[in-house]
Amino acid sequence: MKKIFEVPLYPYTRHDDQDAARPPRHKVVVIGAGPVGLAAAIDLAQQGVEVVVLDENDKVSFGSRAICFAKRPLEILDRLGCGQPMVDKGVIWNLGKVFFDDRKVYDFNLLPEEGHRRPAFINLQQYYFEQFLVDRVRALQAEGAPIEIRGRNKVSAIGTHPDHVTLEIDTPEGSYNIEADWLIACDGAGSPTRAMLGLDFVGRVFEDNFLIADVVMEADFPTERWFWFDPPFNRGQSALLHKQPDGVWRIDLQLGWDIDKDREKRPENVIPRLKAMLGEDVDFELEWVSIYTFQCRRMERFRHGRVLFAGDAAHQVSPFGARGANSGLQDTDNLIWKLKLVIDGKAPENLLDSYDLERVYGADENILNSSRSTDFITPKSDISRILRDAVLDLSETYEFARPLVNSGRLSVPSTYDGSPLNSADALAGPNRTRPGSPCPDAPLGDDFLLSKLGNGFTLMTIDTEAPESFAAEGVTIPRLALSVRDDPSGALAARYLGDAPSAVYLIRPDQHVAARWDSFDAPRVTAALTRALGKE
């Protein structure tokens with residue numbers, strides 16, 4: 001497995017831009033070829049927007065890093081044309097167990113209902129994730145899509161202007177300059193872009209450290225998420241176990257605050273901890289070791305003129321709950337359709353302010369959940385620990401206590417309640433599909449609902465009439481005509497109709513509901529589209 005870290009995926013090659021007499025202008029430049037940056041670039045290229053990805057590296061990220069990818073990001077990846085390879089390689093799981101001391105107190109199912117194409121989660125090493133995204137980039141390039149990745153191209157200076165951004169780029173053959181109409185910064189938690197623009201995070205850094213150890217071993221543990229509070233092998237602390245592909249297991253061990261990080265990462269100190277957990281007779285090989293500190297922070301704003309921040313460059317949360325890469329993919333899912341409409345002149349530039357508003361809302365939601373997880377996992381006082389342990393004891397017998405246990409509220413998509421892009425709800429339908437909500441999947445014969453939604457707006461009708469397409473504000477919206485008869489399981493009706501006999505949904509390009517009614521009315525659809533385009 002080590003070889004994957006050594007082979008360049010996008011090796012440095014000299015580009016014509018380096019010999020240009022004056023800085024060439026590009027439509028969009030993305031800084032960072034991690035999962036978030038590549039997803040943004042793929043989304044743009046699929047819609048015909050020219051995009052250049054710059055990365056100072058030329059390989060996959062070292063180590064497993066992010067491994068848990070949730071249902072909603074998998075659905076986003078399906079739209080980007082690369083979801084299936086991820087699922088095929090990944091370890092699928094819906095179930096989890098919670099332990100206190102040496103006993104199991106309860107288990108849970110993150111996706112108990114049927115009728116979804118994708119599982120609650122897959123576990124997949126980030127290096128595979130990046131490799132599959134690069135494969136998708138190569139496939140798009142073969143189709144003639146306007147996308148390129150430039151490895152060993154390090155952005156060393158950025159200048160911002162009202163209508164463009166200038167970049168100075170260092171390469172093995174010297175520096176050169178380019179311009180971009182728009183810049184998307186996906187360059188990680190230590191974002192050099194953020195530093196070059198004099199911006200910073202606000203939020204909390206928690207007084208605790210956790211050891212990540214990826215180990216290769218043969219084990220008969222089930223494919224589930226196991227979390228321990230105060231286990232015998234790590235007294236007073238917590239532990240987490242996840243299965244990954246290729247016989248790799250992720251182990252997280254809480255270490256406490258006052259530690260020597262370099263010392264704790266040494267194999268002679270890691271291996272005894274793992275043997276205490278797994279048993280002295282278990283053979284394993286260390287693949288990757290790291291130590292992280294809980295952080296729940298974000299930028300005050302994600303948009304700064306023509307520079308837009310996404311993923312860890314914009315926000316950081318603790319790993320428990322799998323909210324890092326998952327929320328980053330939802331950032332780009334929210335951003336790219338808006339940027340595409342602005343570039344095409346079909347929406348005003350202030351539509352991008354709604355990216356800032358909605359994804360700051362999403363980041364705050366993640367930070368709140370992550371902070372609560374951290375406070376539950378690492379009590380800060382004796383009374384907090386007593387209360388925490390009482391909840392764990394009760395949860396073994398009483399179901400009411402289980403929602404109070406917080407071993408990391410697992411990633412779910414945000415519902416953008418209060419977004420200026422939403423129209424007032426005009427359907428007595430299910431709360432889960434109110435305006436601002438992400439569309440839940442539903443089975444449709446041999447297919448699923450979300451696979452029928454493309455990269456643009458959709459007018460979805462259920463058991464009611466409407467035109468086959470609808471045009472307003474320079475945007476043409478295709479109709480997706482459905483009936484409850486298309487889904488004998490009843491999931492479509494339950495998720496989108498409730499007690500209503502019919503429905504019309506205006507669905508945004510990121511598969512969030514913009515508006516809904518019981519029947520089609522052209523003026524109402526026009527007004528809702530106008531609002532969703534940021535023109536009101």
Side-chain angles (χ1 to χ4, degrees), residues 71-72 75 78-79 111-118 333-334 337 354 358 361 412-454 456-473 475-533 536:
K71 178 176 180 291
R72 179 61 199 144
E75 293 164 349
D78 282 336
R79 185 176 61 77
L111 191 61
E113 67 177 10
E114 299 294 326
H116 294 267
R117 182 183 182 193
R118 293 308 183 200
D333 192 47
N334 185 289
W337 70 269
S354 72
E358 291 180 342
Y361 176 88
V412 294
S414 295
T415 294
Y416 303 128
D417 288 317
S419 169
L421 306 189
N422 295 346
S423 292
D425 196 357
L427 178 74
N431 188 55
R432 70 188 291 183
T433 45
R434 66 191 183 274
S437 301
C439 290
D441 211 355
L444 296 174
D446 295 332
D447 206 346
F448 286 87
L449 171 61
L450 295 186
S451 67
K452 295 182 177 294
L453 304 177
F457 284 94
T458 301
L459 192 69
M460 183 177 77
T461 64
I462 304 175
D463 290 324
T464 190
E465 293 302 314
E468 288 308 301
S469 66
F470 181 81
E473 300 289 343
V475 176
T476 300
I477 308 173
R479 176 193 179 199
L480 175 60
L482 302 176
S483 169
V484 294
R485 296 185 298 276
D486 298 328
D487 174 24
S489 76
L492 178 68
R495 294 166 196 175
Y496 288 91
L497 287 180
D499 295 329
S502 63
V504 176
Y505 280 77
L506 178 62
I507 300 173
R508 301 178 356 173
D510 59 357
Q511 300 178 351
H512 281 250
V513 175
R516 63 180 186 174
W517 311 271
D518 57 2
S519 61
F520 175 79
D521 178 82
R524 290 193 299 182
V525 176
T526 299
L529 178 62
T530 301
R531 189 171 297 111
L533 292 172
E536 186 177 298

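Numbers here are sequence positions counted from 1. Since this is a predicted model, take the numbers as computed values, not measurements.
- With hydrogens and angles left out, the side-chain atoms of Arg117 and Ser451 include no donor and acceptor closer than 3.5 Å.
- Atom CG of residue Leu459 and atom OG1 of residue Thr476 lie 12.5 Å apart, to the nearest 0.5 angstrom.
- Shown here for Tyr505 and Arg516, the closest heavy-atom pair between the two residues is OH-NH1, 3.1 Å.
- Atoms CD1 and CG, on Ile462 and Leu497 in that order, are 4.5 Å from each other to the nearest 0.5 Å.
- Residues Leu421 and Tyr416 form no side-chain contact, since every pair of their non-hydrogen atoms from C-beta on lies 4.5 Å or further apart.
- Between Phe457 and Trp337, the two ring planes are perpendicular [angle over 60°; tilted spans 30° to 60°].
- Under the salt bridge (charged side-chain N to carboxylate O under 4.0 Å, His left out) criterion, no residue pair touches residues 482-492, with sequence neighbours excluded.
- If you take CD1 on Ile477 and CD on Glu468, they are separated by 14.0 Å, rounding to the nearest 0.5 Å.
- Scanning both residues, Pro413 and Arg72, for their nearest heavy atoms gives CB-CG, 3.8 Å.
- Smallest separation of non-hydrogen atoms from Phe520 and Glu465: CB-O, 3.5 Å.
- Panel note: side chain Arg479, backbone Ala466; a donor-acceptor pair is recorded below 3.5 Å.
- No donor-acceptor pair closer than 3.5 Å links the side chain of Asp441 to the backbone N or O of Arg118.
- Shown here for Ser519 and Val504, the closest heavy-atom pair between the two residues is C-CG2, 3.5 Å.
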- Message: Between Trp517 and Leu506, is the side chain to side chain contact (heavy atoms under 4.5 Å, CB included) condition met? List the steps.
- Response: CA-CA 9 Å; Trp517 311 271; Leu506 178 62; 4.1 Å; yes
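- Between Asp333 and Arg79, the closest side-chain pair of non-hydrogen atoms falls below 4.5 Å.
- Interatomic distance, Asp417 CG to Ser437 OG, rounded to the nearest 0.5 Å: 6.5 Å.
- Between the side chain of Thr458 and the backbone N or O of Met460, no donor-acceptor pair lies under 3.5 Å.
- Thr464 places no side-chain N or O within donor-acceptor distance of the main-chain N or O of Ala503, the cut-off being under 3.5 Å.
- Atom CG of residue Asp510 and atom CD of residue Glu75 lie 12.5 Å apart, to the nearest 0.5 angstrom.
- Using a 4.0 Å cut-off between charged nitrogen and carboxylate oxygen, Glu358 and Arg508 count as a salt-bridge pair.
- Atom CD of Glu113 sits in a crowded spot, with more than 12 heavy atoms from other residues, nucleotides or ligands closer than 6.0 Å.
- Side-chain atoms of Asp463 and Ser483 form a donor-acceptor pair, as typed in the model, at a separation below 3.5 Å.
- Between the side chains of Thr530 and Glu536, no donor N or O sits under 3.5 Å from an acceptor N or O.
- When atom types are taken as modelled, the side chain of Tyr361 and the backbone of Ser414 share no donor-acceptor pair closer than 3.5 angstrom.
- Of all heavy-atom pairs between Pro440 and Leu449, the closest is O-CD2, 3.8 Å.
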- Item | Stepwise side chain to side chain contact (heavy atoms under 4.5 Å, CB included) test for Leu529 and Val475 | CA-CA 9 Å; Leu529 178 62; Val475 176; 4.2 Å; yes
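- Looking at every heavy atom in both residues, Pro435 comes nearest to Asp425 through CD-CG, 3.6 Å.
- Side-chain atoms of Thr433 come within 3.5 Å of backbone atoms of Arg495 as a donor-acceptor pair (strictly under, hydrogens ignored).
- Side chains of Pro438 and Thr415 form a contact here, defined as non-hydrogen atoms less than 4.5 Å apart.
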